[in-house]
Amino acid sequence: MVRNLLAVPFFGILLLLSVATPVRSAPQAQSPPPASPSRKVTLDFKDAQLEEVVKTISELTGKNFVYDKGLKGDITIVSPQSVTVEEAYELFLTILSVKGYTVIPSGK
């Protein structure tokens, strides 16, 4: 009987310790590091939403883009030859300009 009485407080302390253990958030999925500006890429988009292209360019360049939900438009890019990431970014800026949009650099 004494044995059972000791088990109850021990179980209570063990339960208290398990509850008091700090909860850690699950590791966040990290996007791959940006490509080197001189790395060659091929851009092939057929009737792609502008939002998809922004996401692709962001992943390639490591640049953050903030845009309104009003960003709309379909574009087609055919790139038979590889271009550098820097050239892809310049092409992206041209596409935005043609669609009536622009990039305004801010911050780092």
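The model shown is predicted, which means the values in this text are computed figures rather than measured ones. Below, all heavy atoms of this structure are taken into account, side chains as well, without hydrogens, waters or symmetry copies.
Within the structure, the side chain to side chain donor-acceptor pair (under 3.5 Å) test picks out no pair touching residues 96-105 (sequence neighbours left out).
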Candidate pair K40 and V83, rule side-chain contact (heavy atoms from CB on, under 4.5 Å), full reasoning = CA-CA 5 Å; K40 298 277 190 164; V83 296; 5.8 Å; no
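Between the T56 side chain and the E52 main chain, a donor and an acceptor come within less than 3.5 Å of each other.
One finds the CD1 atom of I95 at 8.0 Å from the CZ atom of F45 (value rounded to the nearest 0.5 Å). With rounding to the nearest 0.5 Å, the separation of CD1 in I57 from CG in L93 is 8.5 Å.
In this structure, the side chains of V103 and Y89 come closer than 4.5 Å at one or more pairs of heavy atoms. Counting only heavy atoms from C-beta outward, the side chains of D44 and I77 never approach each other to under 4.5 Å.
Contact record, K69 with E51: O-OE2, 4.4 Å, taken as the closest heavy-atom pair. The two atoms that bring L60 and L43 nearest to each other are CD1-CD2, 4.4 Å, heavy atoms only.
In this structure, a donor-acceptor pair under 3.5 Å is absent between the side chains of T84 and S38.
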